[in-house]
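The block underneath contains the structure these notes are about, expressed in structure tokens.
For reference, positions follow the sequence shown, starting with 1.
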Amino acid sequence: MNTKLYRWLLFFLGLYTASALLQSILRFLLGGPQLILLDTFDSWFLLTNITASIGSILLLKYYYTKKFWFVFVTGVLSTGCSLCYAIVFYTILNFHKLAGYNVPLLFLSFVTGIIYGISLISLRAKNKRWLRAAGLLQLIIGLILLSSFIWGIASPSPANGNTIERISQWVSLAGCLFPIFLIVHFSRELPDAGANSTNTRAQRRLQTVIGIAGIIGLTLTLTVGVMISFESYSTMHWTNWNYTKTKEFVQSFDPGIFVNSKGDTLRYRLLKPLDYDPGKKYPIVISLPYGGQPATDTIAQLEGAVAAELLATDNNRREHPAFLFIPNCPPGAGWGGIPYYPEADSLVFDALIALDRQFSIDDKRRYVAGLSRGGYGAWNFICKHPEMFAAAIPVAGGGDPRLAPKIIHVAVWAFHGTEDRNVPVAGSRNMIDAIKRAGGNPKYTEFPGEGHNIWDKVIATPGLLDWLFAQHHD
């Protein structure tokens, strides 16, 4: 490698370091998983992986030139697996396909990364201590990620999922040191790079191509980096506003704790009907929140309980007297229906039965509603226990169409936006079609051109609440 290729290698390592550092900071600020839901994340993810790939190719060329054969082979394997995983992850995000390859490729990426780190540590060439330091860091990071990965699969609990996410955040931040170690190594080696280098026509062409890629990469990284930073700020602002709003509206709810026979605990909020009369029977609305960040905050766990927020207004409480029940969304878990994601649904079912014994609740008029994660939960609840629920309002969710025959007697009014990037509209379409094929008669409203946040349009739908409270089991 000649001097110019060294400099371009340093450039791409520096660009990738800056990108990785920004992404780690945003991941901390947004609380982790929320980062991938940003509209600009797809572009950012694609751009950073292209930058990393160019830097990796130049790095592999260096190993090849220096005849570090073991490092070169393990580097090719590690880079190849990481690139394949990035392609699969991008495909899952944008096209919702290849999900079955995600776990095995992630496992291979960790394993080949560990082997790559070992190969760097084993270098015996002189003045390569920064390469060996990079290898040691790669080994440590790989072992931590692999251990967390195995632990998460072996013990898929909500608490473990939350812990693994925190570990991943810190490891990602520590991973920014890897290219920094390489930058120090190549900076020290740069003055001697031109002594034995050649500059053939092929190398000059390579330098031109890399130079163009470098200029384009820098321009796009700055542009998309500013965009994702602004979107992150906007998201944090909205999250803070949503948290404040949630904190205000749940003040009228009574806090409760349910403990099942196994000792598992579910926190919840309950609002009794206005002028509650134990001699009368009242319906109950289960409003499933999607939960906010941090997941350990009991108020944030109630965020997204949109149905309860709507029905807790004075007018609606007078118009539709009912119990309003909001279960806390446990850390790292959901309400079921999402593949490979821990579920906390059974606790809710048990808590509802316990409430039946405590209050005058009409068990023929249980309704469940939810948005996003809560939308998945609404589908899951009626599919698992159709006998418990008279109606469901799943918004921007999805379910298992194979279970549709079980819910043909449950009243359903589903909603979705056609341009929803977080939860594909096919999730609702497939469930509605399956119910109809099984002989059911669900209601479905689709909003053309709308994305994930459609609740304001849902509540503007004429007759929605009248329809809901008219439903009951025979």
Side-chain angles (χ1 to χ4, degrees), residues 256-262 264-273 280-289 305-308 311 320-330 333-338 342-371 373-395 397-414 431-432 434-435 438-443 464-465 467-474:
I257 296 178
F258 171 77
V259 181
N260 67 7
S261 58
K262 299 178 181 178
D264 299 324
T265 301
L266 175 74
R267 292 179 177 272
Y268 64 85
R269 295 286 178 128
L270 182 71
L271 182 64
K272 289 182 284 188
K280 297 180 180 179
K281 288 284 188 178
Y282 296 88
I284 183 171
V285 178
I286 298 91
S287 182
L288 299 178
V306 286
L311 292 168
H320 303 287
F323 285 92
L324 303 180
F325 176 79
I326 312 173
N328 282 49
C329 189
W335 308 116
I338 304 176
E343 303 176 354
D345 51 359
S346 60
L347 267 173
V348 179
F349 301 142
D350 292 342
L352 291 174
I353 294 173
L355 287 176
D356 285 347
R357 294 192 291 265
Q358 186 177 358
F359 298 102
S360 183
I361 296 173
D362 187 350
D363 60 6
K364 296 185 181 300
R365 298 180 68 200
R366 289 197 196 98
Y367 312 130
V368 60
L371 166 67
R373 188 184 324 195
Y376 276 102
W379 283 116
N380 178 60
F381 274 33
I382 61 175
C383 285
K384 279 194 174 177
H385 287 287
E387 76 287 351
M388 287 185 69
F389 302 98
I393 302 178
V395 181
D400 187 347
R402 294 173 299 180
L403 301 178
K406 298 176 62 176
I407 57 174
I408 59 174
H409 299 300
V410 179
V412 172
W413 194 342
M431 287 300 295
I432 294 298
I435 295 172
N441 188 31
K443 294 171 69 70
L464 177 63
L465 294 183
W467 170 86
L468 178 66
F469 286 97
Q471 309 305 319
H472 58 84
H473 279 304
D474 295 331

Salt bridge (charged side-chain N to carboxylate O under 4.0 Å, His left out) against Asp345, all qualifying residues, sequence neighbours excluded: Lys384
Arg402: partners by salt bridge (charged side-chain N to carboxylate O under 4.0 Å, His left out), with sequence neighbours left out: Asp400
Nearest-0.5 Å distance, CG of residue Asp362 to CD1 of residue Ile284: 10.5 Å
Gly374 to Trp335 - nearest heavy-atom pair and separation: CA-CD1, 4.0 Å
Interatomic distance, Leu271 atom CG to Leu324 atom CG [nearest 0.5 angstrom]: 5.0 Å
Pairwise distance CZ(Phe258) to CG(Leu270) - rounded to 0.5 angstrom: 14.0 Å
Partner residues of Phe349 under the ring-ring contact (aromatic ring centres under 6.0 Å, His included) criterion, sequence neighbours left out: Phe381, His385
Nearest non-hydrogen partners of Pro289 and Ser287, listed with the distance: CD-O, 3.3 Å
All side chain to side chain donor-acceptor pair (under 3.5 Å) counterparts of His473, not counting sequence neighbours: none
Trp467 and Trp413 aromatic ring geometry - parallel, tilted or perpendicular at 30°/60° bounds: perpendicular
Nearest-0.5 Å distance, CD1 of residue Ile407 to SG of residue Cys383: 4.0 Å
Under 3.5 Å donor-acceptor, Thr265 side chain and Val259 backbone: no
Which residues share a side chain to side chain donor-acceptor pair (under 3.5 Å) with Tyr367, sequence neighbours left out: Arg365
For Arg366, salt bridge (charged side-chain N to carboxylate O under 4.0 Å, His left out) partners two or more places apart: Asp356
